[in-house]
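A short worksheet on the structure shown next.
Sequence positions, counted from 1, serve as the residue numbers for this chain.
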Amino acid sequence: RSDGAAKVSGEARYVADLPLMDGELWGATVRSPVPRGTVRELRFDPSFDWSEVTIVRAEDVPDNVVQLLREDQPVLAPGRVNHRYEPVALLACADWGKLAHALAAVEVVVDPLPAVLDVEQALRAETVIWGEDNVMARFLITHGRADVEDSLAGIDRALAACAVVVRDRYRTFQQEQLYLEPQGMLCWWDAQGVHATGSLQCPFYMQKGMARALGLPPERVHVTQAVTGGGFGGKEEFPTSLGVHAALLAKKSGRPVRLLYGRSEDIEVTPKRHPSVIDVAAGCDRDGRLRALQMRVLYDAGAYVTLTPVVLSRGLLHAGGAYRWEDVRIEGIAVATNTPPAGAFRGFGVPQTIWAIERHLDRLARELGRDPGDLRRQNLLAVGATMPTGQVLRGSVGIAACVEKAFAASDYLAKRARGPVTAGRRVRGVGTSMFLHGAGFTGSGERRIRGKVAVDLLPGGELRIRTGSTDIGQGTETVFPQIVADAAGVPLGRVKIAVPCTTHVPDSGPTVASRTVMIVGSIVEQCAAEIGRRVAAERAAGGGSFAEAADRLLARESELSITRQYEQPSWVAWDEEHLKGDAYAAYAWACDVAEVEVDLDTFELSVLDFWSAVDVGKAINPLMCLGQLEGGALQGTGWALSEEVLWDGGKVLNPRMTTYVVPTAQDAPRFHTILVEDPFEHGPGGGAKGIGELPADGAAAAIAAAVEHATGLHLCELPLTPERLFAAWQHPAATPAGATGKPGEGR
């Protein structure tokens, strides 16, 4: 890692580490105390000395809107509050201690209104809190009979024609990104406009949102990424609000303002993974051939839209899993509740639907008396297969190879054949999941983004990469220079990468959607290759080293900078309204195998070993590939075992790392990760694909399948806490029929 030494030594400066600016103030946020209501007044304690405190209210915001997909979220609530942590006012003070006292001296007086805190209550629209019926987004994917007939009647007939039909409901709850570095932003104003430096993923998204709220042209908003300690999607859209808040305080005070969240505030107020309720009906032949699939996917969006329509659509596009289906009807609905808005999180809506379809394949296998892994292999997608959107897979479909390698490495088939292994009051089992994740923006999204990068030739033959893609821990600062060095034919040490700043780098599109290496990296490669060709021609004409030829070029042309814009493969065709066509130019594929142990006295669950074989296209940096894959799998393991935000009346009950429990190094299983390379023809470095989100998708389902193998319990709800396992053990009627109560035979 090119950034490793600075981070290990402490030289890397996160936003909290940046030197204090002259006259700098600390910022803080005054929030709603109730999940829904009308703000009657803000009361400022008259006994407190407010002379050194800057106060910003809703009326101080030039354009009071957070610009995202919909204009429904205010920067500061102007009167109505829609979740307990909604920002109502801002404070700033030079003295941190006095600022804390100032916060305590503000009372937000609210007339409460009935709140909607349950996703199914929101769907029934008993209390309308958003729009006409609480529905923020709705999509439908149809294929086969459901496409050519009335979709409901068509899928009903398709299911009726199946020899075996299984129905079930699957639930997931909120997961917190829990990046190590909480949110933070430093803002100041000068003759050039407003400057924002902080922990963020998408500088140009933030520039656009700040310009709108502050009433400025984009060129007067300068956004720079500080060293960022993790994001996982949580620093995609939210830093825009934070930047606007700090900028408003800085403008009113005339001084720089640093706004840093503590851990509890960060957990309470920031967007999380969308909770879901997913109903599945699936039918197949007696020989296991999958035929018909019907799904209703319900997501809890929280109080405002943020990125929900895109999250929902991506979840639906992956809902059929890595399998062939003849007839499909997948409906998606996202509704509003009076909780903080949900948003981007690694996997972006896909982990929820992969959880449901993978658990349902286990149900089908049980009904058929088949091994779940064997049933999956029988129905895997391959080159030439058609997906529910009608997309025909053209190439780079490495799922079959992933399955064979994962099964061989884990000895899956032999372990399943032996049945669960019991040692005293502990029992072991093994389970698998197979899954996919599209890389890049959906459909024609990359054509709209039109991401750009530049590579500059510098004196002495050095190259500099200028891109809006950020490094949030995934390794962009290492992999992009590798791509450039190889393409231009220079040593790695001769390549630099510019700090992402909207003033100095092109807009490469956001650092999201597993697009950084596959999409942005491909045009970085093109730029570097062009510079390499120019310098090679100069060397051929005048001789000398690369550096000498580069200096001659620069002396003649004064500067040499190559800019490229991403061009999507010409064959990608997409109907955004009906979700038809080529959803993604390339998919990454994976097979996970988990081996678990369950204590039958305490129902504690341990993941002992975890095998994952992943089609990455081409591993440009194999070690960093492994790091991404194992980190994502561990995040999925946390979602499976313990991670759940707990609520009471719209209030978060566990906003600390001591109570919101993520797996530590001591909890991590032994990882056995296998890189499978089935190159994507348009990927850089010989065929790399995007893999950042994929590993978070399948871990939970593999672990639940292993629990079922060990105990016979078919769990449909995450996380798999001891309490949920014990409840299922005590109530066998909640599990499939035919239970005997013996480990491995179904209780």
Considering the options Lys689, His437, Arg346, which one meets the side-chain contact (heavy atoms from CB on, under 4.5 Å) requirement together with Leu694? His437
Verdict with reasoning, Thr563 to Val453, per side-chain contact (heavy atoms from CB on, under 4.5 Å): CA-CA 6 Å; Thr563 300; Val453 301; over 6 Å; no
Give a yes or no answer on whether the side chain of Asp17 reaches the backbone of Tyr14 with a donor-acceptor pair at less than 3.5 Å. yes
Apply the test side chain to side chain donor-acceptor pair (under 3.5 Å) to residues Thr476 and Gln474: give CA-CA distance (whole Å), side-chain angles for both, the deciding distance (0.1 Å), then the verdict. CA-CA 6 Å; Thr476 304; Gln474 82 280 34; 3.0 Å; yes
Which of these passes side-chain contact (heavy atoms from CB on, under 4.5 Å) with Leu463: Leu457, Val535, Leu458? Leu457
Any chance you could lay out the side-chain contact (heavy atoms from CB on, under 4.5 Å) test for Ile399 and Leu436, step after step, and finish with the verdict? CA-CA 8 Å; Ile399 183 62; Leu436 74 167; over 6 Å; no
To the nearest 0.5 Å, what is the distance between CG (Leu626) and CD1 (Ile691)? 8.5 Å
To the nearest 0.5 Å, tell me how far Arg552 CZ sits from Arg539 CZ. 9.0 Å
So which atom in Cys402 and which in Ala613 form the shortest heavy-atom distance, rounded to 0.1 Å? O-CB, 3.2 Å
Check whether any side-chain N or O of Glu236 sits under 3.5 Å from a backbone N or O of Phe232 as a donor-acceptor pair, and report yes or no. no
Distance col, row Gln568:CD vs His682:NE2, nearest 0.5 angstrom, shows 10.0 Å
Looking at Ala191, is its backbone amide N or carbonyl O close enough to the side chain of Arg220 to form a donor-acceptor pair, meaning the two atoms are under 3.5 Å apart? yes
Between Gln225 (side chain only) and Pro500 (backbone N and O only), is there a donor and an acceptor less than 3.5 Å apart? no
Is any side-chain heavy atom of Leu242 closer than 4.5 Å to one of Leu259? yes
Can you see whether Ser2 engages Glu477 through a side-chain donor-acceptor pair at a distance of less than 3.5 angstrom? no
Apply the test side chain to side chain donor-acceptor pair (under 3.5 Å) to residues Thr673 and Ser612: give CA-CA distance (whole Å), side-chain angles for both, the deciding distance (0.1 Å), then the verdict. CA-CA 5 Å; Thr673 306; Ser612 189; 5.6 Å; no
Geometric class of the Phe671/Phe610 ring pair [parallel <30°, tilted 30-60°, perpendicular >60°]: perpendicular
Would Thr197 and Leu18 count as a side-chain contact (heavy atoms from CB on, under 4.5 Å) here? Give the steps. CA-CA 10 Å; Thr197 296; Leu18 296 174; 3.8 Å; yes
Minimum-distance pair of heavy atoms, taken over all atoms of Ala487 and Ala528: CB-CB, 3.8 Å
Any chance you could lay out the salt bridge (charged side-chain N to carboxylate O under 4.0 Å, His left out) test for Lys235 and Glu181, step after step, and finish with the verdict? CA-CA 11 Å; Lys235 293 174 183 174; Glu181 180 205 18; 3.4 Å; yes
Indicate the atoms forming the closest heavy-atom contact of Gly475 with Met624, along with that distance. CA-CE, 3.0 Å
Please determine whether the number of non-hydrogen atoms from other residues, nucleotides or ligands lying under 6.0 Å from atom CD of Glu219 exceeds 12. yes
Side chains of Gln201 and Tyr205, donor plus acceptor under 3.5 Å: no
Does a side-chain N-to-carboxylate-O contact under 4.0 Å join Glu176 and Arg263? no
Side-chain ion pair, Arg670 and Glu630, N-O less than 4.0 Å: no
Ion pair present between Arg534 and Glu557, side-chain N to carboxylate O less than 4.0 angstrom? yes
Might you confirm whether atom CG of Asp22 has over 12 heavy atoms from other residues, nucleotides or ligands at distances under 6.0 Å? no
Examine distances only and state if a side-chain atom of Ser508 and a backbone atom of Gly468 form a donor-acceptor pair shorter than 3.5 Å. yes
State whether the number of non-hydrogen atoms from other residues, nucleotides or ligands found under 6.0 Å of Leu180 atom CG is greater than 12. no
Assess whether atom NZ of Lys496 is packed by more than 12 heavy atoms of other residues, nucleotides or ligands within 6.0 Å. no
Are there over 12 heavy-atom neighbours, none belonging to Arg450, within less than 6.0 Å of that residue's CZ? no
Does the ring center of Tyr584 lie less than 6.0 Å from the ring center of His318? yes
Flag, side chain of Gln391 to backbone of Ala583, donor-acceptor distance under 3.5 Å: yes
Begin with the C-alpha distance, continue with both residues' side-chain angles, and end with the deciding distance and a verdict on side chain to side chain donor-acceptor pair (under 3.5 Å) for Arg466 and Ser561. CA-CA 10 Å; Arg466 290 187 290 119; Ser561 179; 3.2 Å; yes
NZ of Lys580: more than 12 outside heavy atoms within 6.0 angstrom? yes
Donor + acceptor pair across side chains of Thr516, Ser469 (<3.5 Å): no
Value for OG (Ser522) from CZ (Phe680), rounded to nearest 0.5 Å, stands at 8.5 Å
Polar side-chain atom of Thr470 near backbone of Ile472 as donor-acceptor pair, under 3.5 Å: no
Heavy-atom closest pair, residues Pro239 and Gly234: CD-O, 4.4 Å
Using only atom types and a distance under 3.5 Å, with no angle test, would you say the side chain of Asp615 pairs donor to acceptor with the backbone of Gly398? yes
Using only atom types and a distance under 3.5 Å, with no angle test, would you say the side chain of Ser444 pairs donor to acceptor with the backbone of Arg447? no
Do the side chain of Arg515 and the main chain of Glu446 share a donor and acceptor less than 3.5 angstrom apart? no
For Ala688 and Val517 the tightest heavy-atom approach is CB-CG1, 4.0 Å
Under 3.5 Å side-chain donor-acceptor pair for Asp266 and Tyr179: yes
